[in-house]
Amino acid sequence: MILLGDALTDSSYNAFNRRKFIHGALAGAAFAALPISAFSADDPGLQFVLSQIPKLHDENVKRLQDWIALPSIAA
C-alpha cells in the first residue's frame, strides 16, 4: 500500500484544490455575468420550474431546518 503525504499539508494536493476552486469561481462569475436575455423566457419548462419555486418554498425551508437539526450536522 502506497501512502501519500497528508492531504492537508501536501502542497501538490492543496494547489490542485485551489486551482479547482478558482476554476469553479470563475465559471460561476461568468455564468452570473450572462445577461438575463441569455435564458429563454419562452421555454415552457423554465416557466413550470419557476412557478414551482414559491409553491415549494415552505416545504424546502422545513426540510433544510430538519437537516440542520440532525446531531451529525449540528455538532
Item checked: Listed partners of L64 passing side chain to side chain contact (heavy atoms under 4.5 Å, CB included), at least two apart -> W67, I68
Item checked: For V49, all residues meeting side chain to side chain contact (heavy atoms under 4.5 Å, CB included), sequence neighbours excluded -> none
Item checked: Interatomic distance, F48 atom CZ to I53 atom CD1 [nearest 0.5 angstrom] -> 11.0 Å
Notebook entry, point to check: Any salt bridge (Lys or Arg N to Asp or Glu O under 4.0 Å) pairs touching residues 50-60, not counting sequence neighbours?
Noted result: E59-R63
